[in-house]
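Just below is one structure, and these are the notes that go with it.
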Amino acid sequence: MDNMLNDIGVPGFILLAVLALLLFGPSKLPGLGRAAGKTVREFKKEMNDIFGDSPQPPRSRSTAQTTEEPALVHNEPQPSRQLPE
């Protein structure tokens with residue numbers, strides 16, 4: 001979809017905006033934008049539920065400031081590191 005938006009360009013986007021303004025009027029455009037955003041969010045949520053891809057939640061500032069050790073992904077034993085004597 002990103003590729004499609006890159007192909008439109010600025011003149012095409014302005015033409016689409018003017019066309020939407022003429023068709024729907026200035027009073028209905030904010031509601032249509034909200035409805036379109038809600039539809040896209042719901043679609044992404046359902047696709048993530050179907051395919052099991054769960055996006056990571058955004059980190060808040062308090063979480064970002066704490067430093068935690070990352071959890072090990074695999075269960076293989078780690079080699080012991082002994083200091084030479």
Reported NZ-to-CG distance for the pair Lys44 and Asp49, which is rounded to 0.5 angstrom: 14.0 Å

Test item: Lys38 and Arg41 side chains (from C-beta on) under 4.5 Å apart, heavy atoms: yes

Members besides Val18 in its Ile/Leu/Val/Met/Phe/Trp/Tyr cluster (side-chain heavy atoms under 4.5 Å): Val10, Ile14, Leu22

Contacts of Leu21 that satisfy side-chain contact (heavy atoms from CB on, under 4.5 Å) - sequence neighbours left out: Pro26, Leu29

